[in-house]
Amino acid sequence: MEAQDLNKPTENGTGLNSDNQAENTPESNTPENEVSTPADEVTAEEKETTENNSKETTETPEASADVEANEVEEAKEEEAQPALEPVDHIMLSKEELVKRLKVVLKDFPVENIKEEVEAIKSAFYKKHSAEVEDLKRKFIESGEKEEDFSAPVDTNEIDLKASLKEFKERRTEFNKRLEEEKATNLEAKLSVIEGIKELINGQESLNETFQHFRELQDKWRSIGVIPQNRVHDLWETYNHTIESFYSYIKINKELRDLDLKKNMEAKIGLCEKAEKLLLEPTIVKAFKTLQKYHEQWREIGPVPREQKEDLWTRFKEATSKINKRHQEYFEGLKDQLQKNLEAKTELCEKAEVLSALELHSPKEWEAKSKELIELQTIWKTIGFAPKKDNNKIYERFRSACDNFFNNKRQFFKSYKSEQSQNLQLKTDLCVQAESMKESTDWKRTTDEFIKIQKKWKEIGPVPRKQSDAIWKRFRTACDAFFEHKNKFFSKKDESQDENLKLKEALIEEVKNFEPSDNAEDNFQKLQAFQHRWNEIGHVPIKEKDRVNQEFRALINQYFDNLNLNEFEKNVEKFRNKIESYKTEHANDRLTQERNKIINKLKQLENDITVWENNIGFFAKSKKSEALVRDFQHKIETGRRNIKLLNKKLDMLEDM
């Protein structure tokens with residue numbers, strides 16, 4: 001399931017003009033994406049100031065200042081904060097979900113991330129529960145009792161819980177501060193009301209009283225939101241106090257006319273600003289700024305009656321055009337959602353083709369698995385599809401992926417059965433080899449060993465868990481015969497004990513060797529040690545592995561400390577290794593080493609080809625730069641390894 005973008009409007013187009021958006025917004029009949037007409041403005045001619053000002057006050061929408069102040073603050077915060085990139089949480093691993101939660105807690109305000117935190121938590125525990133159930137199932141299938149099962153400690157879950165605890169604590173602290181701020185604002189607004197009441201009973205001149213009244217009104221507007229349950233009663237008290245003030249002071253006509261003129265100039269300025277917003281390239285920014293202008297419009301107050309309708313018509317026309325652009329903008333978003341649906345449909349079709357293939361080898365399955373994983377990677381880079389199609393297209397893609405991997409599991413289940421048969425065949429060859437290892441019929445038995453070794457190579461792979469054990473068993477039987485044969489045909493060399501002493505003395509000499517500052521001189525001395533070692537004859541077979549391993553370990557340790565690059569160190573270590581094989585006449589080991597290198601070369605060449613194809617596959621996507629860099633690093637490392645392997649192969653060929 002894909003997560004909702006925290007910074008996008010919902011499908012029904014709800015924006016700043018929608019009903020009940022702000023915390024203190026009362027119920028309203030204003031249509032969505034329309035800005036309601038301000039309260040009727042008073043005139044300076046027919047009705048006296050008391051009636052007009054009373055009407056202006058009572059017809060102002062309740063709590064509009066609180067609502068709009070809240071919206072402005074939210075708009076500022078949204079503009080200041082970077083947008084949280086939407087993701088399909090279910091496609092992320094548990095490690096990626098924990099990492100994303102930490103980033104969200106670090107980079108975004110705690111009051112804006114509740115839905116994202118819940119989405120991450122839900123996706124994590126779906127994956128976690130599935131893993132625990134799978135472990136439990138395997139535990140029971142292995143023959144254990146269900147009640148003995150205990151889920152292993154999951155460090156990712158520990159990290160997740162720590163982050164969730166941090167979120168909860170920060171959220172609690174934020175709500176506490178918000179409630180304290182609302183209580184403070186309530187006291188401030190009650191203080192303003194008391195100030196207006198004091199003006200009614202004051203002894204100041206009319207001009208001074210009016211000026212103080214305007215200052216108190218400005219102070220009222222500057223105060224932020226208050227507790228929701230006090231909004232209605234507070235506005236009733238405020239409006240009643242304003243009506244009492246206007247009734248008491250009876251502003252003279254001249255002062256009233258000046259006030260109306262000032263209001264008219266302010267509203268003309270707002271009309272001009274609103275019209276300039278039509279040139280603003282960022283549509284969402286223009287729309288949010290327009291909401292601030294409507295807040296200011298409502299707070300300015302009445303204008304002369306003969307100007308009222310024209311000014312409002314002018315302001316409303318600019319508003320309608322900006323609203324239209326805003327609506328068209330979100331229509332464009334719908335087009336993008338449709339394009340995302342088409343792209344995801346194409347990925348579904350490719351995944352369905354892969355899931356329908358009939359594959360016959362592990363190599364084929366691994367190659368096609370990589371292709372499907374690449375499709376999943378691309379899926380993550382595509383945004384949401386339309387809401388009505390989003391779940392359906394995801395289920396289609398997931399179904400194709402599930403089918404593919406179910407088929408893969410079935411193949412390997414059958415493949416394991418074949419491996420079990422191969423294990424039985426190789427076990428039979430081990431029994432045959434073990435029955436002949438003490439034979440002294442050298443010619444016939446040698447031929448038989450060659451035959452069964454050939455059969456061994458023709459038999460396919462066995463289960464990985466038994467692979468080393470069965471090979472060691474077979475090799476031990478073969479080695480036992482051929483060592484027995486070599487002993488029979490070789491003369492016992494009494495000098496083997498002396499050779500052992502010479503090699504042990506040489507080991508002590510190497511241990512006491514102190515390298516100089518001349519790296520080349522040290523290198524030559526180490527090679528001389530190796531040549532002297534190779535010139536010493538055989539040692540008793542039971543001591544052969546011990547002294548060889550000890551000498552090679554010492555030489556390799558000195559090579560590691562030489563001022564050589566990694567390539568040269570690897571070459572010299574390999575030379576030391578194969579020289580010991582040569583001394584032991586271990587031709588089979590040299591052959592095995594050569595085959596191992598050839599296989600590694602083939603695998604690396606195939607891997608580089610795949611990586612280069614992957615780079616071409618992702619090169620067109622800007623969001624895949626990290627993947628491209630990763631593949632380039634793998635290719636460079638692979639080519640260095642190919643160079644080293646070719647050098648080793650040349651050394652083997654020279655022998």
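All heavy atoms count here, side chains included; hydrogens, waters and symmetry mates do not.
One distance of note links NZ of K285 with CG of L290; it measures 14.0 Å at 0.5 Å rounding. Interatomic distance, Q327 CD to N323 CG, rounded to the nearest 0.5 Å: 9.0 Å. Between the CG atom of D88 and the CZ atom of R398 there is a distance of 10.0 Å, given to the nearest 0.5 Å. Separation of atoms CG (L97) and CD1 (I120) is listed at 6.5 Å; rounding is to 0.5 Å. For the atom pair C401 SG and E352 CD, the distance stands at 9.5 Å (nearest 0.5 Å). How far CD of E342 is from CD1 of I382: 11.0 Å, rounded to the nearest 0.5 Å.
With K127 contributing its side chain and L92 its backbone, the two residues share a donor-acceptor pair below 3.5 Å. Between the S191 side chain and the E187 main chain, no donor and acceptor come within less than 3.5 Å of each other. At least one donor-acceptor pair under 3.5 Å links the side chain of R325 to the backbone N or O of L278.
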Handout entry: Test side-chain contact (heavy atoms from CB on, under 4.5 Å) applied to R170 and L105, step by step
Key = CA-CA 9 Å; R170 288 173 56 191; L105 286 174; 3.7 Å; yes

Exercise for the section: Would you sort out whether Y238 and Q217 count as a side-chain contact (heavy atoms from CB on, under 4.5 Å), showing the intermediate values? Expected result: CA-CA 10 Å; Y238 178 74; Q217 283 187 312; 3.8 Å; yes

Practice task
Using the salt bridge (Lys or Arg N to Asp or Glu O under 4.0 Å) rule, take E111 and R177 through it: C-alpha gap first, then chi angles, then the decisive distance, then the call.
Solution key: CA-CA 12 Å; E111 62 270 24; R177 291 198 308 269; over 6 Å; no

Practice task
For K350 and E346, run salt bridge (Lys or Arg N to Asp or Glu O under 4.0 Å): C-alpha distance rounded to whole Å, both residues' side-chain angles, the deciding distance at 0.1 Å, then the answer.
Solution key: CA-CA 6 Å; K350 292 181 178 180; E346 183 178 350; 3.7 Å; yes

Problem - Stepwise side-chain contact (heavy atoms from CB on, under 4.5 Å) check, E358 with N407 - result: CA-CA 9 Å; E358 293 185 5; N407 292 338; over 6 Å; no

Practice task
Take I300 and L270 through the side-chain contact (heavy atoms from CB on, under 4.5 Å) test and state the conclusion after the steps.
Solution key: CA-CA 10 Å; I300 287 172; L270 285 180; 3.5 Å; yes

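The shortest heavy-atom contact between I322 and A274 is CD1-O, 3.6 Å. Contact between F397 and L347 at its shortest, heavy atoms only, is CE1-O, 4.0 Å. Taking both residues in full, the closest heavy atoms of K219 and I223 are given as O-CG1, 3.1 Å, listed atom of the first, atom of the second, then distance. Across all non-hydrogen atoms, the minimal contact from L372 to A351 is CD1-CB, 3.9 Å. Across every non-hydrogen atom of E116 and V104, the tightest pair is CG-CG2, 4.0 Å. For the pair L277 and Y293, the tightest heavy-atom approach, listed with the atom from each and the gap, is CD1-CE1, 3.5 Å.
Under the 4.5 Å side-chain criterion, counting only non-hydrogen atoms from C-beta, N390 is not in contact with L341. Looking at K145 and D148, their side chains come closer than 4.5 Å, going by heavy atoms from C-beta outward. Inter-residue side-chain proximity for V87 and R100 is flagged as met; some heavy-atom pair is nearer than 4.5 Å.
Between D218 and R221, at least one side-chain N (NZ, or NE/NH1/NH2) sits under 4.0 Å from a carboxylate O, which counts as a salt bridge. A salt bridge links R137 with E141: at least one charged nitrogen is closer than 4.0 Å to a carboxylate oxygen. Classification of K138 and E144 as a salt-bridged pair fails, no side-chain N sitting under 4.0 Å from a carboxylate O. Comment: E371 engages K368 in a salt bridge, judged by a side-chain N to carboxylate O separation of less than 4.0 angstrom.
Atom CZ of R230 has 12 or fewer heavy atoms from other residues, nucleotides or ligands within 6.0 Å. With a 6.0 Å radius and a threshold of 12 heavy atoms from other residues, nucleotides or ligands, K380 has its NZ atom above the threshold.
Relative ring orientation between H294 and F315 is described as tilted, the plane-to-plane angle lying within the 30° to 60° band. By the 30° and 60° cut-offs, the orientation of the rings of Y394 relative to W379 is tilted.
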Enumerate, atom names and distances included, each donor-acceptor pair closer than 3.5 Å involving a side-chain atom of residues 157-167, sequence neighbours excluded.
{"unit_1": "E157", "atom_1": "OE1", "unit_2": "H128", "atom_2": "NE2", "d": "3.4"}
{"unit_1": "E157", "atom_1": "OE2", "unit_2": "Y125", "atom_2": "OH", "d": "3.3"}
{"unit_1": "S163", "atom_1": "OG", "unit_2": "D159", "atom_2": "O", "d": "3.3"}

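K600 is linked by a side-chain contact (heavy atoms from CB on, under 4.5 Å) to K596, L645, counting only residues two or more places apart in sequence or in another chain. Judged as a side-chain hydrogen bond (donor to acceptor under 3.5 Å, both in side chains), and not counting sequence neighbours, E147 has no contacts.
Taking the centre of each ring, F405 and W365 stay at or above the 6.0 Å mark.
There is no side-chain donor-acceptor pair under 3.5 Å between H89 and S122. Remark: the Q336 side chain and the N340 side chain contain an N/O donor-acceptor pair separated by less than 3.5 Å.
Looking at E95, E96, K94 one by one, the single match for side chain to side chain donor-acceptor pair (under 3.5 Å) with N156 turns out to be E95.
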